[in-house]
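To start, the structure itself, in structure tokens.
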Amino acid sequence: MGIKSKFKAFFMLDEDDYQLVEEPEADEEERTAKSSKSAKKNIVSLQSVQKSSKVILSEPRVFAEAQEIADHLKNRRAVIVNLQRIQHDQAKRIIDFLSGTVYAIGGDIQQLGPKIFLCTPDNVEVDGSITQFLTEDDTNNTGWS
């Protein structure tokens, strides 16, 4: 039925000549097939869903342990590093090494407190800052001068 015929049928211009013919309804199988096709578009692969993230706590005793921390960062895990129990020169070397690692992977490194650092890969976003609440006395006693 053409569009002109539908208009004529709608306005009932010539009732005897035109009949409105309804299309038969799709059977149940056709409707199920159509709905399953549209449902497949909304399916997300379980492989694309990210697993829960871990935050690693590390307290290195020697410089050699910095590589383990860097490996965690390369595996996209955030690491909190406590350098309070290591010698000052070793702690600086570790921070230099981790700064290079974080830069290479596009991450970030932030000081959370005296000799405590948060190293994050590029998939972790840190909002806010703890160091802004430290007093001047605390920052002068960090040992990083």
Side-chain angles (χ1 to χ4, degrees), residues 1-12 18-145:
M1 194 179 263
I3 198 161
K4 285 184 180 179
S5 302
K6 288 185 180 183
F7 276 112
K8 287 180 182 177
F10 180 77
F11 291 107
M12 294 183 209
Y18 300 102
Q19 281 186 328
L20 185 60
V21 178
E22 294 183 25
E23 293 182 351
E25 287 188 30
D27 63 344
E28 187 64 32
E29 287 180 27
E30 288 179 28
R31 281 184 276 181
T32 306
K34 286 181 183 179
S35 66
S36 67
K37 285 181 184 177
S38 64
K40 286 183 182 179
K41 293 178 185 177
N42 296 332
I43 294 175
V44 177
S45 172
L46 289 178
Q47 294 172 347
S48 67
V49 176
Q50 187 177 8
K51 296 178 183 177
S52 63
S53 297
K54 282 186 178 182
V55 176
I56 307 297
L57 303 175
S58 179
E59 191 172 17
R61 303 270 185 198
V62 292
F63 177 76
E65 294 178 31
Q67 185 175 355
E68 293 175 25
I69 298 169
D71 289 340
H72 287 299
L73 290 167
K74 287 179 7 184
N75 290 326
R76 302 177 69 104
R77 293 186 199 114
V79 182
I80 296 176
V81 183
N82 181 1
L83 299 173
Q84 293 178 343
R85 295 184 182 205
I86 195 168
Q87 293 178 358
H88 180 72
D89 60 330
Q90 293 291 313
K92 278 192 161 192
R93 287 183 62 204
I94 289 173
I95 290 302
D96 289 343
F97 181 79
L98 293 178
S99 295
T101 302
V102 166
Y103 177 78
I105 63 171
D108 191 26
I109 186 167
Q110 294 182 3
Q111 186 172 3
L112 299 179
K115 296 186 179 182
I116 299 176
F117 295 86
L118 172 63
C119 303
T120 55
D122 62 344
N123 66 322
V124 177
E125 184 178 329
V126 178
D127 191 20
S129 177
I130 294 176
T131 57
Q132 68 184 350
F133 299 111
L134 294 175
T135 64
E136 281 187 34
D137 293 336
D138 290 339
T139 57
N140 290 334
N141 293 328
T142 60
W144 293 105
S145 50

key: From Phe117 atom CZ to Leu112 atom CG, the distance as rounded to the nearest 0.5 Å   = 8.5 Å
query = Any idea which heavy atoms bring Pro60 and Asn82 closest together, and the distance?
reply = CD-O, 3.6 Å
query = Which atom names give the shortest non-hydrogen contact between Lys115 and Gln111, and what distance separates them?
reply = N-NE2, 3.8 Å
ask   = When rounded to the nearest 0.5 angstrom, what distance separates CG in Leu98 from CD1 in Ile69?
value = 5.0 Å
query = To the nearest 0.5 Å, how far apart are CZ in Arg93 and CG in Leu83?
reply = 13.0 Å
request  = Using side-chain contact (heavy atoms from CB on, under 4.5 Å) as the criterion, list what pairs up with Gln67, not counting sequence neighbours.
outcome  = Asp71
Side-chain donor-acceptor pairs of residues 99-107 under 3.5 Å, sequence neighbours excluded:
{"unit_1": "Ser99", "atom_1": "OG", "unit_2": "Ile95", "atom_2": "O", "d": "2.7"}
{"unit_1": "Thr101", "atom_1": "OG1", "unit_2": "Phe97", "atom_2": "O", "d": "3.1"}

The single option from Ile56, Asp122, Val79 passing side-chain contact (heavy atoms from CB on, under 4.5 Å) against Leu73 = Val79
side-chain hydrogen bond (donor to acceptor under 3.5 Å, both in side chains) against Asp108, all qualifying residues, sequence neighbours excluded = Gln110
task = Only pairs at least two apart or in different chains count here, so list each salt bridge (charged side-chain N to carboxylate O under 4.0 Å, His left out) that has a residue in residues 77-88.
result = Glu59-Arg85
ask   = Checking Gln84 side chain against Pro114 main chain: does a donor-acceptor pair fall under 3.5 Å?
value = yes
